[in-house]
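These numbers come from a predicted model, not from an experiment. We count ligands from 1, going down the list as the structure has it; atoms in each ligand are counted the same way. Values reported hereafter were calculated over all heavy atoms of this structure, with side chains retained and with hydrogens, waters and symmetry mates removed.
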Amino acid sequence: MAVGLSVYFLARPHYPTANSCSTAPSKRQPLSQSFLGAGALSQLVQNVTRLPRTVLPRHYDVRLLPILEKGNFTVLGRVSIDIQCLQSTDRIVLHSSDIQVDLKSVQVIERGADKTLSIERIDYETVAEFLVIRLNVGQQQGKAILAKGSNYTVSMNFVANLTETSAGFFRSVYMEDGVERYMAVSQMEPTDARRVFPCFDEPNMKAIFTVTLGRHRDMMALSNMPLINTTQIDGMDNFYWDHFAPSLLMSTYLVAFAVANFTKIEADVAHGNWKFNIYVRTSAISQAQYAKDIGPKTQAFYEDYFQVPFPLPKQDMMAIPSAFVGAMENWGLLTFGESVLLYDEDVSSLDDRQTVVELVTHELAHQWFGNLVTMDWWTELWLKEGFTSYVECLGADFVDPSLERLQQFVTSGLQAVMRLDALESSHPISVLVNHPDEIGELFDDISYKKGAAITRMLASFIGDKSFRDGLTNYLRIHQYGNAVQDDLWNAFDKQAKVDQVFLPIKVETIMDAWTAKMGFPVITVQRDYKSRNISVTQKRFLIRKSNSSTADTTVYLWWVPLTYTTDFQTIGSTWLADNQTSKNLTLEFEVEDNQWIIFNVDETGYYRVNYDAHNWKLIGQQLMTNHTAISVINRAQIMNDALNLARAGLLDYETPLNLTEYLEREEEFLPWESTLTALSYLNSMMQRTPGYGLLKNYVMKILMPLYNSLGFVHRSTDSHLTGKLRRKVVERCCSLGHKNCVTQAIESYSQWMADPGNTTIVPSVLKGVVACTAIRHGGELEWNFAFKRFRESNVASEKATLLSSLTCTQESWILARLLEMCLNPAVGFRTQDALDVIKTLAENPIGRFMTFNFVREKWTEMTKIFNSIHSLAHVFESVTKSFNTDMELKELSDFVGKNKELLVNAMTRSTQQSIDRVRSNVSWMRLNYRQVVNWLQQNNPATSQQSST
Ligand code: BES
Ligand code: ZN
């Protein structure tokens, strides 16, 4: 099909000889050290990576024809950009990378005067990813050619790549009806629009985009705006141009294109302001019903919540079959990996449904937060990602309240990121970034989850009304423009004043410390039971303080909103200032000596709390006598704080271990989730020690009442969280080897093996644990069955569950075969699948050392196959995470020492983190192992005779 294409479309590009754009950018030194105080370096690269603001784009006409043909995957393109000159200059500098521009086609016209300007030369600055068009100054030596205030149009033809990776305009390959099919779709964020068409690829250079996409008769094309009309492509039978309506003012990273043979599903929308459609491959239509249901509802909710209408005439959600993980908020054309948009009631699990809700509500919230008002620069990425990660919970609570999403944020968001943020090697939310490598690194839990956690804290101290109205004002003031975090703080500050909310100082000052400093405080509450005096102190919480403290001069103190209660009826509140290490509290109410006091009500504050021994005892007594007197979230908070305080050496292990005894009566998901996550550290430290038997018996003992009351089988009347809790309990019991649990799992799996087409035998919520247990206790047959189902399944989320169960085998040879399969292209694992398998295998106690050996042996090969350093860093982290002996530390250091060049530059920080983590594990064992074992012996009389040394 491509033969002769260039004739009608554009002349074959003339490849430049010097500074050729067709060569890949030279290998740069990755700037992964940037978080470690490389501000100066960042400043340096700013000059080479930011565009001059001499001209600004106003309108783009982009025309692209993706060639979906094996052996010839390219994109033929033409772009014409209307620019306005803000400051006289002799050149136009814009972004372009891995694009072959037809240099002869480049034209600059002065609009109005209809004058074509002569071009002196065109250069590619490959490191900066710039295309520089210098205009001919001729006789007017020294004079600027582009005059301030005048308007020009720059246009050119080019050929871009239809890449294999999911960056830029890429191809997705999938099977349908036994046939291999191709589609083309784009992913621009953060800095890949420049790989699709030459453009001013910075978030604050907003413009209007008019898009035209070429496609075969059998395909459909989609972009941000609705289709206006279709014309035939001259000289090409069966090929058409789809012309789309001009967009609103928007950033390049939100532009989207797709060409695919998909089916459209129209959702019902109550009003006529916008249409809402879902696009999927035809054989997946039935799985799109849930997304179709919640999509428009969520969008309508946000219109109401933000009090700003969705401004586009249509919204599309598209499921990409392969090579795409996660989701992207392109304005008017959201893209999702299939496993996070599609949901099949029969085969997908509860968590799968939750994932769909999370991603749909997240990307839709971005339509306001990010798309309508955009961060000024990537340094403020958290402003859209963190904020959205909080607001999505409000959307989810509206569209599917049964998920209790906001409540779950406490464990999955706040407590999860605290684990990371308690490391000395964490980083602040706001980081100065310039280079694309640095920008990419910002999409991490700190931006998302810490960003969301401090937003939740803010919403709590200014109150829901001021939060909501402040947001509306912010969106209305900055719509179609860009903003920095201070703009948002100011909007809240103004609203809080209007609403007469008491604040000790401006919102901006309170929040700045939370975004500019890494980490968070532990608040220690010390009660003097004689004088009834209460003092609180703040200090940065670190899971382990290294000996080699760096020259960090930051003062780790924050503005801390304190809340406290003794009965969950009356809540007191006060502030700790960012210059106060300690303060004596005057409480708003009396507290009896024998009454507990709990701080950080419902864990809305981003900090941990420690108490004097007596108050811990009082809390423990309350939990033992009537735990429901303490809120569910605070039960989760107390368990999580206490176990982590002990891990950090700030509390004796006896305190949290005593607290766990109350769990025999706990029936709520959150406290269990929070405790089991914190206990999993003990599990991974002790798994290969003689004391593990004691730990196993103890955990089983506290789990038993719940296992007995919930049972193994899912009931349709269960709430979402009960379902999740059962899965958690069953998973734990089966993995601890509980007889009844294991037998039921094996039984259920063998019934499924006998009747593979029957989806009702294994309830989808338990499919993971059933398959994993049967494979763990089974052999080749069980393994082969799961592998076959994995290959045949049409449902992406089921595939992921089965893939993970393959790593549960205890047969070394099957493990070895699986490892080998990961690197064998003929097996057909997607790169992401192979990485997931290796990471999960590393968590299998038998698999761990095989995996470590495998990774050591195949490192060179792996660096070639898995070209993303980021993913390899995660593999390395998983494999070494639970090492805790001097011997293992030595093996790790030896490998790192010997393979400096193999561990590629960008991994220096993460390998160092791995070594640090192992060091801290070794020291944990030295300091705490005996203490924990002693406690377990005393509290587990039945097994206390066992050897545990
Ligand atoms: N804007 C991001 C997608 C993205 C991530 C683009 C990283 C470029 C680099 C999108 O809004 C997002 O955050 N997606 C998440 C899911 C979300 C629910 C946390 C994802 O893809 O994992
Ligand atoms: Zn996002």
Of all the N, O or S atoms in His362, which has the shortest distance to the Zn ion (ligand 2)?
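Output for this pair reads NE2.
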
Would you say Glu363 has an N, O or S atom lying under 2.8 Å from the Zn ion (ligand 2)?
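No, since none of the N, O or S atoms of Glu363 sits under 2.8 Å from the Zn ion (ligand 2).
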
Side chain to side chain contact (heavy atoms under 4.5 Å, CB included) partner of Val196, chosen from Val79, Val75, Val255, Leu64:
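Exactly one candidate clears the test, Leu64.
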
Using the side chain to side chain contact (heavy atoms under 4.5 Å, CB included) definition, which of the options Phe467, Phe369, Phe409, Tyr448 pairs with Tyr390?
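Answer after filtering Phe467, Phe369, Phe409, Tyr448: Phe467.
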
Can you tell me which residue and heavy atom of the protein come closest to [atom], and the distance to 0.1 Å?
{"atom": "atom 19 (C) of ligand 1", "answer": "Tyr448 CE2, 3.6 Å"}
{"atom": "atom 5 (C) of ligand 1", "answer": "Phe443 CD2, 3.7 Å"}
{"atom": "atom 8 (C) of ligand 1", "answer": "Glu189 O, 3.4 Å"}
{"atom": "atom 11 (O) of ligand 1", "answer": "Glu363 OE1, 2.7 Å"}
{"atom": "atom 16 (C) of ligand 1", "answer": "Leu359 CD2, 3.7 Å"}
{"atom": "atom 22 (O) of ligand 1", "answer": "Gly326 CA, 4.0 Å"}

Any side-chain donor paired with an acceptor under 3.5 Å for Glu129 and Ser96?
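No, Ser96 and Glu129 have no side-chain donor paired with an acceptor closer than 3.5 Å.
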
Atoms of ligand 1 less than 4.0 Å from Met328 heavy atoms?
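Every atom of ligand 1 under 4.0 Å from some heavy atom of Met328: 1 (N), 3 (C), 6 (C).
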
Test side chain to side chain contact (heavy atoms under 4.5 Å, CB included) applied to Gln187 and Val185, step by step
CA-CA 7 Å; Gln187 166 61 43; Val185 63; over 6 Å; no

Does any N/O atom on [X] come nearer than 3.5 Å to any N/O atom on ligand 1?
{"X": "Gln187", "answer": "no"}
{"X": "His362", "answer": "yes"}
{"X": "Ala327", "answer": "yes"}

Considering residues, nucleotides and ligands other than Lys275, do more than 12 of their heavy atoms fall under 6.0 Å from its NZ?
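Counting neighbours around NZ of Lys275, 12 or fewer heavy atoms of other residues, nucleotides or ligands fall under 6.0 Å, so no.
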
Evaluate whether atom CD of Glu345 has more than 12 neighbouring non-hydrogen atoms of other residues, nucleotides or ligands under 6.0 angstrom away.
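Atom CD in Glu345 is not packed in, count stays at 12 or less.
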
So, are Lys314 and Asp316 salt-bridged, with charged N and O less than 4.0 Å apart?
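Salt bridge flag = yes for Asp316 with Lys314.
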
So is Lys799 actually on top of Phe790's ring, under 6.0 Å and inside 45° of the axis?
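Cation-pi check for Lys799 and Phe790: passes.
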
Residue selection (non-hydrogen contact nearest atom 2 (C) of ligand 1) among Met188, Lys384, Glu385, His366
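Closest candidate by heavy-atom distance is Glu385.
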
Record the part of Glu329 in heavy-atom contact with ligand 1 below 4.0 Å; permitted values are side chain, backbone, both and neither.
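Answer for Glu329: side chain.
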
How open is the angle at the Zn ion (ligand 2) from atom NE2 of His366 over to atom OE2 of Glu385, rounded to 10 degrees?
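NE2 of His366, the Zn ion (ligand 2) and OE2 of Glu385 span an angle of about 90°.
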
For Tyr182 and Phe73: C-alpha separation, side-chain torsions, deciding distance, then whether ring-ring contact (aromatic ring centres under 6.0 Å, His included) applies.
CA-CA 10 Å; Tyr182 305 117; Phe73 289 113; 5.1 Å; yes

